[in-house]
Protein chains: 2
Amino acid sequence: MEELTGQARVVIENTKPEIDDGRFPIKRVVGDRVVVEADIFADGHDAISALLLYRKENDPKWAEAPMEPLVNDRWRGSFVVTELGRYHYTILAWVDRFRSWKRDLAKKLQADQEISVELLVGAQLITEASQRAAKPDRRKRGEWASILQSTQATEQAKVQLALSEELSEFMDKHPDKRFASTYPKELVVVIDGEKARFSTWYEMFPRSCASRSGSHGTFKDCEAHLPYIAAMGFDVLYLPPIHPIGHTHRKGRNNSPVANPDDPGTPWGIGSQEGGHKSIHPELGTLEDFQTLMAKARDYHIEIALDIAFQCSPDHPYVKDHPEWFHWRPDNTVQYAENPPKKYEDIYPFEFDTENRQELWDELKSIFLFWIEQGVRIFRVDNPHTKPFHFWEWLITEVKVSYPDVIFLSEAFTRPKAMYQLAKLGFTQSYTYFAWRNTKWELIQYFTELTQTEVREYFHPNLWPNTPDILTEYLQFGGRPAFISRLVLAATLGASYGIYGPAFELCETLPREPGSEEYLDSEKYEIKNWHIANADSLKDFIGRVNRIRRENPALQGDWSLRFHEVDNEQLICYSKRTDDHSDVVLVVVNLNPHHTQSGWIEFPLKELGIDPQKPYQMHDLLSDARYLWQGSRNYVELNPQFVPAHIFRIRRRVRTEQDFDYYM
Amino acid sequence: MEELTGQARVVIENTKPEIDDGRFPIKRVVGDRVVVEADIFADGHDAISALLLYRKENDPKWAEAPMEPLVNDRWRGSFVVTELGRYHYTILAWVDRFRSWKRDLAKKLQADQEISVELLVGAQLITEASQRAAKPDRRKRGEWASILQSTQATEQAKVQLALSEELSEFMDKHPDKRFASTYPKELVVVIDGEKARFSTWYEMFPRSCASRSGSHGTFKDCEAHLPYIAAMGFDVLYLPPIHPIGHTHRKGRNNSPVANPDDPGTPWGIGSQEGGHKSIHPELGTLEDFQTLMAKARDYHIEIALDIAFQCSPDHPYVKDHPEWFHWRPDNTVQYAENPPKKYEDIYPFEFDTENRQELWDELKSIFLFWIEQGVRIFRVDNPHTKPFHFWEWLITEVKVSYPDVIFLSEAFTRPKAMYQLAKLGFTQSYTYFAWRNTKWELIQYFTELTQTEVREYFHPNLWPNTPDILTEYLQFGGRPAFISRLVLAATLGASYGIYGPAFELCETLPREPGSEEYLDSEKYEIKNWHIANADSLKDFIGRVNRIRRENPALQGDWSLRFHEVDNEQLICYSKRTDDHSDVVLVVVNLNPHHTQSGWIEFPLKELGIDPQKPYQMHDLLSDARYLWQGSRNYVELNPQFVPAHIFRIRRRVRTEQDFDYYM
């Protein structure tokens, strides 16, 4: 700071949303309105004008949206994003001499002060603006300046012109932006498709889909399951890795270090002489079979999501062809995966920092591109937190330049900051700690963080009550009521959620051993044959919940979530709503899977658009029961042996005698 | 982001303190410890090492301080600033292969796993570190690698070496920082002298210091007042502008638009044919007289502060010599200062955006340098918020390069964000809204913002219960008890505070008219003759309060301020303490100047270092009374007609029978 800086007198700071000083983009979906706020002020008392500038990344021309002052020098503007890809936004503001002049002129008139010199100043401002205007405008407006300068026009006529709307409009159209301040950063917003925010996932092992017990299921068998999945209302079918499985150090049933000859191995032990990450496990079928499955799924409005796990079995062709992509130990063996004292000898991690990393990184990118070219648009990425952050930022950015509609779900069950970092650098959705948030306090803390802080700008949560790795103690001990309440929580707290089935809908509760979160006889290591027609199945309940999600836009976003008071620690109550209050959903869940709980819930009627003077109808979309409530405090009681939850839609219009035909 | 980025795998983000992405420096005083925190993490499970780097601005070499992990990937380090000027700080962190190796080796040993290959890996790491070490170290340490590789050494000997402190120290001294991440910003801290934080100001008009009523006071007369000011315990004597005063449009008494011939004019109407901002008003004396006053003041440990007001009377030599530095109106007159409908025709503001602004800005800077060269080190700057922010940032930065000990006090009674901006860009201290914060809620809100948020990093508040422009309604109606309680609040809530005297200590309460905050017969427009020996004067009380400030380091900083509960809205209670709890001060003030108030105060004993099991002594430093209290809840009662405040020093050691000589 040794020389004089520009004449830009306006300060623009504390712009929101802005992630880590603009280092990372925010996320929105097509059709969203991006609301931007900033502190904007200058020295002295002059009036200020400000514009929000925005453009598609490759469009050099900025579009403009006006910004308006709120209070305390805070300004706000907004724009709507209409296309997939990346937009930039920034702010322009300047000391507005015309607006200052007009404001001060009005004050002087009110104080009955002399204004002849002020009118001459105004004439000058108009002349300058005319010179900035296009020719036709210019001449006509020049006449205005003459009027203010004229010795013939009456002061009344001059004042009328000076304060006219027409003059203000003209001056606003041609402001003096020579000394405008530009916010020093161009901020970025990544625009995804609607599924980035609102999606309903079902995870299923294709090899367990055979109609005949003991056989290895195929993609063809999966096709037969599509009606079942569609009836439950899922729109994403996620398959664990579908590639050839290695033999060396293959794990046996229940993660046994030694496999029997007929053990199928884990799908995450990727690669054998039959191929690697771009190949299909022969027992599942062919690439054509996979294409057919995708096409059939689309008929049911279901997208197939693939699992990308960047790791190799010792038999993966890469190991032979590219030994330099792996880490070699002093004893000339390849370093297998480990997290001491745990060893994963069936898995070789890549050495991302290898000398040839450009070649390795390009190859890994080509795996995504290969499946994208087959038509896949949704990927669940296995353990991204064990690969360098720079790698993912590069890969996702590169892929989305060509395919902005691709969705990456991050499976990073790691520490909070690493989990958030992956979302910041590009992952579209992320797994969360939801599975381990079971008490009311935990749920309120966590979902307030996810939905009411800056985190929501870049992190789309995807809630899973179970996965093939996670059978929580809450499910193990809570049984069927626990499955129902966790399903309702996942489906209503999260606009995106998923279950690992059929283990979920069949309420599988047996762990490998006490204290373990692993399933007994886990499908990760063996082929299962599920009795999906079981009368106890939650499939119809799940179908109902997912229909409620589809029919209620309030549940299709996360930002409107608000928790409400209940005088019972075992009952949780929250609402979601659309911006215009046309859809308001209130959920109450009994968190205790063993005993009936009751209590008084209390919620702010005004915030939910309810007239406190009038009764309103609570329509329980789960039971279809309707209740007439009034006021902000009402009683609820939930028995876990029936349904431990209400999903109310609030219907404000209550039928009265005026609705009858004969009234009047 | 189209090419591969570096191999630096560690993320460093969310560094604190950091103001506006590092755009502005933080402030500290000599001897402070700067504590820095950041989120530091990497992919995977590797161990990380991190260093806080710091240096004086002109020193190219970084010093290093270790950073230690707290929880949740948050790290902390600190360094002490020992010199005036500017320091830079940033962070370096890397994946530490040795620490990861040592940690994993220990885990494998505990799990009884084979470690022979691990020992070879260790040998490799030691060899690499030896190559980074200086020669003498290198050979000896090379032997360590040989031991780990040796076929003769026992595994026990190898393990003992591997896990030894000595090896860790060596490896920590020569880490592999090739792929270290550097925080992308160098953050700046400005170091001021102690007075920047802890100072006690007295504002006085020299022209009112004459011993004879009706005469114009001189610097010589001021000298005679020094013992009086020193006895009250002030260490900064701030004089309104001391320059020649203009005649054109000079204001008369009580701001009358027409002055009588004998009216002295306002000191802020700067400049006449006798000179401008570098001249002294002849009636005050000469530059030599001013030098003598400064020297005498220093004998009393008082610094003279000057008032710099960048504005001109129409008679200022600049107007004739540099007409281009002012704004000319279409009628060929100079634009005078106005804030419609208010007009200040005796004041011409500078046109900071003039074509010749380099010349103007340099001239204004030379005004500061002129007085600095006379020995002045403290400036109160008049209305800085009506001059461009860039101007001040440039000027203060330039001045402090040569004179890092200069203190700039910003008199910006403007909107909060502009007030804070001036502090961010360089003003050392700032006036505040203290004068208008009178209720308990207002005081708690405001002082929590000033002392417990990021604001404290760059904003040193200076609290003034009155100024020549501000006689608050609270003082007008509250009378003497109000003066006492506002003094105690200013002196204990703020490490820096000041009063405008003798109006303050003489409890002047008359406004120019009802509803006005201007003094009746304000000293701004006339010469006064104060009866400072008045028996009612608060001078002795002020002297006692300032002695308490000097003797209690707890009151010499603002960050430790904590408010405590009182069950009476008219009583406010708060504490300040030193970091080591060696000095703990608890203040209770009755905010109602009319009626006695009583209540129960409650404060956390542990936070203040008090053993809840033992009685402790509350020593009221105002009345010298001592009370024995126990527990966290105690009763207080304050009568405004006596002293409406307690300033307790908490003395934890209470005399018991064990203190008597004959005990034992």
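Letters go in sequence order (proteins before strands), and every chain restarts at 1.
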Notebook entry, point to check: Which ring pair (Phe, Tyr, Trp, His ring centres under 6.0 Å) pairs, counting each pair once, include a residue from residues 99-125 of chain B, with sequence neighbours left out?
Noted result: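 The answer is B/F98-B/W101.
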Margin query: Please determine whether side-chain contact (heavy atoms from CB on, under 4.5 Å) holds for the pair B/E13 and A/Q421, giving the CA-CA distance in whole Å, both sets of side-chain angles, and the decisive distance to 0.1 Å.
Written below: CA-CA 10 Å; B/E13 60 177 27; A/Q421 186 75 13; 3.0 Å; yes
Segment of [X] engaging chain A (4.5 angstrom heavy-atom cut-off):
X	result
B/Q149	neither
B/K417	both
B/V11	side chain
B/D104	both
B/Q110	neither
B/A106	neither

Name the option with the most non-hydrogen atom pairs under 4.5 Å to chain B; the candidates are [options].
options	answer
A/T414, A/N339, A/L105	A/N339
A/A42, A/P340, A/S116, A/P330	A/P340
A/L422, A/D20, A/D331	A/D331
A/Q124, A/K343, A/R74, A/R23	A/K343

Check: So B/E338 and A/K107, side-chain contact (heavy atoms from CB on, under 4.5 Å) or not? Walk me through it.
Finding: CA-CA 12 Å; B/E338 57 176 354; A/K107 284 186 191 165; over 6 Å; no
[X] [atom1] to [Y] [atom2] distance, which is reported to the nearest 0.5 Å:
X	Y	atom1	atom2	value
A/K185	B/D21	NZ	CG	3.5 Å
B/R415	A/D73	CZ	CG	4.0 Å
B/F41	A/F389	CZ	CZ	5.0 Å
A/D43	B/F391	CG	CZ	11.5 Å

Notebook entry, point to check: Is there side-chain contact between A/R9 and B/H390, with heavy atoms separated by less than 4.5 Å?
Noted result: no
Notebook entry, point to check: Would you say A/K108 and B/P341 make side-chain contact, with heavy atoms under 4.5 Å?
Noted result: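 No, their side chains stay 4.5 Å or more apart.
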Item checked: Atom group of A/E18 that falls short of 4.5 Å from chain B, counting heavy atoms ->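 Only the side chain of A/E18 comes within 4.5 Å of chain B.
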Item checked: Portion of A/N72 that has a non-hydrogen atom of chain B nearer than 4.5 angstrom -> both
Note to self: Can you tell me which of B/A418, B/A111, B/A123, B/A412 forms the most heavy-atom pairs within a distance under 4.5 Å of chain A?
What the structure shows: B/A418
